[in-house]
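Below, all heavy atoms of this structure are taken into account, side chains as well, without hydrogens, waters or symmetry copies. Counting from 1, the numbers follow the sequence of the chain as shown. Since the model is a prediction, treat every value here as computed from it, not as a measurement.
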Amino acid sequence: MFNRIFDQTNGFFTFCGKVADVLMLSLLWVVCCLPIITIGASNAALYNSVVKCIRGKQEHIYSCFFDTFKKNLKDGIPISILIIIIMFIMTYQFVFLWNGAIAGLRVSFMFLIFNCVFSIIPFGFICWISPIFSRYEFTFSQLAITSFKFVFAHLFSTIIMSVIFAVSFYFTTRLIFPVVFIPFAVTYINSIFIEKAFKKHQ
């Protein structure tokens, strides 16, 4: 009986191992994003680890994360800068228009609605660029163009991923604790749509 309870292959220990992997991957992503210019490489490492080790059957999940991170560190810097610029502009616009709408300005309210709808494109672009970067070898310009093409070629998936991205970003800026699981959760859900799209283009 005790052999069954403490058997490392039983359901309970397997579940605990998966939970630990989820938490550690999210925390690794956070730590590796701290230099800011490493966001692109961190996103690529998280996506690659989730697809290959969590959804796939590849072992050594942490080695996979760090190997991908190191491989894409240099080339990921321009992507990181682009993501930072996009997020800064979108956040500034939203806060500015939100404050205007709260103050009763009808124009601000109308532009706030437009901004929320329009944000599907930049947020969708962010959702696509890191997975494409982790999978394929492109120049920066080719990567940007390809990511924009995926935004519109798979618009339904883009809308869903953009909404998930926006909601998760809001909660992680309001509350600290979701950061231990949201990066993994968002990446895992997005990978369902992204991998399906990748198969169509193989």
Side-chain angles (χ1 to χ4, degrees), residues 21-23 25-30 32-33 36 38-56 64-65 68-69 72 76 78-94 112-136 138 140 142-175 178-202:
D21 288 338
V22 168
L23 298 180
L25 278 178
S26 292
L27 290 175
L28 282 175
W29 177 84
V30 172
C32 290
C33 281
I36 305 298
T38 57
I39 291 175
S42 299
N43 288 347
L46 179 60
Y47 184 84
N48 207 34
S49 301
V50 168
V51 171
K52 289 185 176 181
C53 302
I54 300 297
R55 294 188 58 190
C64 179
F65 182 94
T68 306
F69 179 79
N72 297 293
I79 298 172
S80 303
I81 295 173
L82 181 59
I83 291 174
I84 293 169
I85 292 173
I86 292 173
M87 291 304 301
F88 176 81
I89 293 174
M90 296 305 298
T91 302
Y92 177 82
Q93 285 181 340
F94 181 82
L112 178 63
I113 300 299
F114 174 79
N115 187 68
C116 290
V117 175
F118 174 77
S119 64
I120 291 173
I121 297 176
F123 287 166
F125 176 82
I126 292 175
C127 291
W128 284 109
I129 193 170
S130 293
I132 295 174
F133 173 57
S134 72
R135 184 68 56 85
Y136 304 103
F138 286 127
F140 178 73
Q142 290 173 333
L143 178 63
I145 292 171
T146 303
S147 300
F148 269 117
K149 287 181 178 179
F150 269 80
V151 167
F152 297 102
H154 303 277
L155 189 58
F156 178 73
S157 298
T158 298
I159 292 172
I160 295 176
M161 293 191 296
S162 298
V163 172
I164 294 174
F165 178 85
V167 172
S168 63
F169 179 76
Y170 173 80
F171 278 109
T172 51
T173 54
R174 293 287 179 173
L175 303 169
V179 78
V180 300
F181 64 87
I182 280 184
F184 170 87
V186 172
T187 302
Y188 187 94
I189 295 172
N190 285 356
S191 70
I192 297 173
F193 300 99
I194 293 169
E195 290 302 308
K196 185 177 180 180
F198 283 172
K199 289 181 180 179
K200 292 182 178 180
H201 296 277
Q202 288 179 348

Would a 4.5 Å heavy-atom cut-off, applied to side chains only, mark [X] and [Y] as touching?
| X | Y | result |
| --- | --- | --- |
| T38 | F69 | yes |
| L28 | S49 | no |
| Y188 | V22 | no |
| P131 | N190 | no |
| C127 | F193 | no |
| Q142 | Y136 | no |

Give, for atom [atom1] of [X] and atom [atom2] of [Y], the distance between the pair rounded to the nearest 0.5 Å.
| X | Y | atom1 | atom2 | result |
| --- | --- | --- | --- | --- |
| I126 | I121 | CD1 | CD1 | 12.5 Å |
| F123 | I164 | CZ | CD1 | 13.5 Å |
| I120 | F152 | CD1 | CZ | 10.0 Å |
| F169 | F94 | CZ | CZ | 10.5 Å |
| L25 | C53 | CG | SG | 8.0 Å |

Is it the case that N43 and W29 place a side-chain donor and acceptor less than 3.5 Å from each other?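 A donor-acceptor contact under 3.5 Å links the two side chains.
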Of V179, I182, I189, the residue whose pairing with S168 passes side-chain contact (heavy atoms from CB on, under 4.5 Å):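 Looking at V179, I182, I189, the match for S168 under the side-chain contact (heavy atoms from CB on, under 4.5 Å) is I182.
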Over 60° means perpendicular and under 30° means parallel, so tell me whether F150 and F198 are parallel, tilted or perpendicular.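 Aromatic pair F150/F198 classed perpendicular.
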In terms of the angle between their ring planes, are H201 and H154 parallel, tilted or perpendicular, with boundaries placed at 30° and 60°?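 Correct class here is perpendicular.
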In this structure, which one of T68, N72, T187 forms a side-chain hydrogen bond (donor to acceptor under 3.5 Å, both in side chains) with N48?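 Going through T68, N72, T187 one by one, the side-chain hydrogen bond (donor to acceptor under 3.5 Å, both in side chains) with N48 is satisfied by T68 alone.
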